[in-house]
Protein chains: 2
Amino acid sequence: MKVFIVGLGLMGSSYAEKLKIKGYEIFGIDKDISIQEKAFKDGVIKGFRMDDMLDSELIILALYPKENVKFVEDHLKYFNHQILTDISGTKTHQMDSLEKILPKSIRYVSHHPMAGREKSGYDNRDIQMFEGANFLIIDEDPTDRLEVSIIKKMAMDLGFKKITKISKEKHDQLIAHTSQLTHLLAVNLMLIDNLEETKNATGDSFRDLTRIAKINERMWAQLFIDNKNVLIETVDRFIESLESLKSNILNEEQELLESKLKASKERRIKFDEHST
Amino acid sequence: MKVFIVGLGLMGSSYAEKLKIKGYEIFGIDKDISIQEKAFKDGVIKGFRMDDMLDSELIILALYPKENVKFVEDHLKYFNHQILTDISGTKTHQMDSLEKILPKSIRYVSHHPMAGREKSGYDNRDIQMFEGANFLIIDEDPTDRLEVSIIKKMAMDLGFKKITKISKEKHDQLIAHTSQLTHLLAVNLMLIDNLEETKNATGDSFRDLTRIAKINERMWAQLFIDNKNVLIETVDRFIESLESLKSNILNEEQELLESKLKASKERRIKFDEHST
């Protein structure tokens, strides 16, 4: 299968290299010319001509959400009969924009690979990144259209373990909670950290909760804003619940507090059981 | 050195076993009689008679903060000339209570081992738990009194790496941020988690940020309440900063948002450099 990847950053190049190993024929481009040349020399892609997009069977958009839309707008003539997918971390806004401009002949299926690294860019690509991770396909049809089957096969070849079909609205709601909120919390923990001694007073908890504060600021600022309505609702729900815990502490409601901590522990243990 | 440990839970028994290996003579008690007998049979302690406390050189209180104070009140006649320490996660409140009731002849130095496990109790003891971890001694005197030197030596023998001296007020402030707030955030993430699909839509971030939600609810409810004034101040500071991030997102202030994410990333990278 001939695949064309738009954007050879951390994700795009990791897709390229892993799919190549799995027998796909990989072409791709990057706005940074030196990167596409490097990827070609490394054998990660077989070529980087736009014309290769025309007769590809699968196009993967691996830019940031806004740039994906901009790219399609600027290169509309290259999109005709192919299967098209994208890896963006938020969906509703981008999918709605793309569906407005794409020709009807394009078979578009969006997906979200739930994996990442703290470092970005082609040089940090890692074919192990997807092993055992979750993969979301934005589709609600209980039976798979051909293009959905092809994306599923690609996910398996990349190493993903659990593939789930989900609506774009539900996706953005889930992501707001499990990924965007968690990143905001990590960032915020670092932002309020003004004590010189912190580094000597930490156990594993602070280290674990702030690891993802090493964030790709350009991408995440876009993702946050792109999903702002759902995200803000989620942050509000989080703050409301935190205020309630705070009031339990302030009023020394020890039993109520213990019952909440216990409920939280039991949910987390159940989560472990489900996700292994 | 003859050491008497009050409380053979996860921490007390891990101290006991590791210090025994390092050549200390360990005695101890637990309110659960079967546990002290088990520890004796396992050779973790040499005996569990209260009289052994009388001629010990070092007493370690390893109960929850409130119970430490209650224990000292109830067994005051056993405290005379020994060195006394405790491992509680919060300090100001407990130390003030203890200093009121302890005889002047007791040499009390409080400390906080910045290590733990998700599971509690004697059977989960682990002599590896302290390797490379941070250790805080509640003392502001730049020169070490004898009892401080002895606690430092004990920390080294347990495997701790970085030992820091700090005032009780600063301790409680730091802990509120690096340990108590992080646990509250993890708990709160689980409390607002009401979506069945969460388990299929998580990457490493949700898993990492909620791991410590598997919390010992009795101990932590006590610790939160014990340090409530400082903790609530810290939670308020966290919420204020989170509200500001939220407003950046709502108003699509992309550049400002990016600069905050960048600042947070740089702080986290600096933290890594300092703590390795």
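The chains referred to below are lettered A, B, ... by the order of the sequence lines, with proteins before strands, and numbering in each begins at 1.
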| request: Measure B:His183 against the heavy atoms of chain A and call it side chain, backbone, both or neither at under 4.5 Å. | output: side chain
| task | For B:Lys165, look at atom NZ and say whether over 12 heavy atoms of other residues, nucleotides or ligands are found less than 6.0 Å away. | result | yes
| said: For B:Lys168, is the NZ atom crowded, meaning more than 12 foreign heavy atoms sit under 6.0 Å from it? | reply: yes
| Leading residue by heavy atom contact count with chain B [cutoff under 4.5 Å; candidates A:Leu257, A:Asn248, A:Leu242, A:Leu181] | A:Leu242
| said: Quick check against the 3.5 Å criterion: does B:Lys246 have a side-chain atom that pairs as donor or acceptor with the backbone of A:Ile232? | reply: no
| task | Please state whether the side chain, the backbone, both or neither of B:Ala115 comes within less than 4.5 Å of a heavy atom of chain A. | result | neither
| note | d(B:Leu261 CG, A:Asn216 CG) to nearest 0.5 Å is 9.5 Å
| Distance-minimising heavy-atom pair for A:Asp208 and B:Leu209 | O-CD1, 4.3 Å
| field | For A:Ile269 against B:Lys214, the heavy-atom pair lying closest together | value | CG1-CD, 3.7 Å
| request: Please indicate whether A:Glu73 has more than 12 foreign heavy atoms, meaning atoms of other residues, nucleotides or ligands, lying under 6.0 Å from its CD. | output: yes
| query | Please walk me through it: do A:Arg267 and B:Thr210 pass side-chain contact (heavy atoms from CB on, under 4.5 Å)? | reply | CA-CA 10 Å; A:Arg267 280 186 188 193; B:Thr210 57; over 6 Å; no
| task | Identify which of A:Glu252, A:Lys162, A:Glu118 forms the greatest number of heavy-atom pairs closer than 4.5 Å to chain B. | result | A:Glu252
| B:Arg237 side chain to A:Ile192 backbone, donor-acceptor under 3.5 Å | yes
| query | Just wondering, are more than 12 heavy atoms of other shown residues or ligands nearer than 6.0 Å to NE2 in B:His93? | reply | no
| field | A:Lys270 side chain reached by B:Met190 side chain, heavy atoms, under 4.5 Å | value | no
| message | Within this structure, what is the OG1-CG distance for the pair B:Thr182 and A:Leu189, rounded to the nearest 0.5 Å? | response | 7.0 Å
| note | Under 4.5 Å to a heavy atom of chain B? For A:Leu136 that would be side chain
| task | Among the options B:Arg218, B:Glu258, B:Met114, pick out the one with the most heavy-atom pairs lying under 4.5 Å from chain A. | result | B:Glu258
| task | Kindly indicate whether the side chain of A:Arg211, heavy atoms from C-beta on, has any atom under 4.5 Å from the side chain of B:Arg268. | result | yes
| query | After noting the C-alpha distance and the side-chain angles of A:Asn227 and B:Ile249, does the key distance pass the side-chain contact (heavy atoms from CB on, under 4.5 Å) rule? | reply | CA-CA 9 Å; A:Asn227 198 29; B:Ile249 294 169; over 6 Å; no
| query | Considering only heavy atoms, which portion of B:Val235 lies under 4.5 Å from any heavy atom of chain A: side chain, backbone, both, or neither? | reply | side chain
| query | Side chain, backbone, both or neither: which part of A:Ile166 has a heavy atom under 4.5 Å from chain B? | reply | neither
| message | Is B:Ser241 in contact with chain A via its backbone, its side chain, both, or neither, using a 4.5 Å heavy-atom distance? | response | both
| task | Mind checking the CD-CD spacing from B:Glu255 to A:Glu217? Nearest 0.5 Å is all I need. | result | 12.0 Å
| remark: Here the gap from B:Leu191 atom CG to A:Ser264 atom OG, rounded to the nearest 0.5 Å, amounts to 5.5 Å
| query | Quick one: does A:Thr202's side chain get under 4.5 Å of B:Phe271's, heavy atoms only? | reply | yes
| Which heavy-atom pair separates B:Phe238 from A:Asn188 by the least distance, and what is that distance? | O-ND2, 2.8 Å
| Interatomic distance, B:Asp193 atom CG to A:His177 atom NE2 [nearest 0.5 angstrom] | 4.0 Å
| task | Measure distances from B:Ile163 to the heavy atoms of chain A and classify the residue's part below 4.5 Å as side chain, backbone, both or neither. | result | neither
| query | Hey, mind stepping through A:Glu243 and B:Ile239 against side-chain contact (heavy atoms from CB on, under 4.5 Å) and telling me if it holds? | reply | CA-CA 9 Å; A:Glu243 290 280 5; B:Ile239 291 176; 3.5 Å; yes
| Out of curiosity, B:Leu245 CG to A:Phe224 CZ, how far, rounded to the nearest 0.5 Å? | 8.0 Å
| note | Bottom line for B:Gln222: the part with an atom under 4.5 Å from chain A's heavy atoms is both
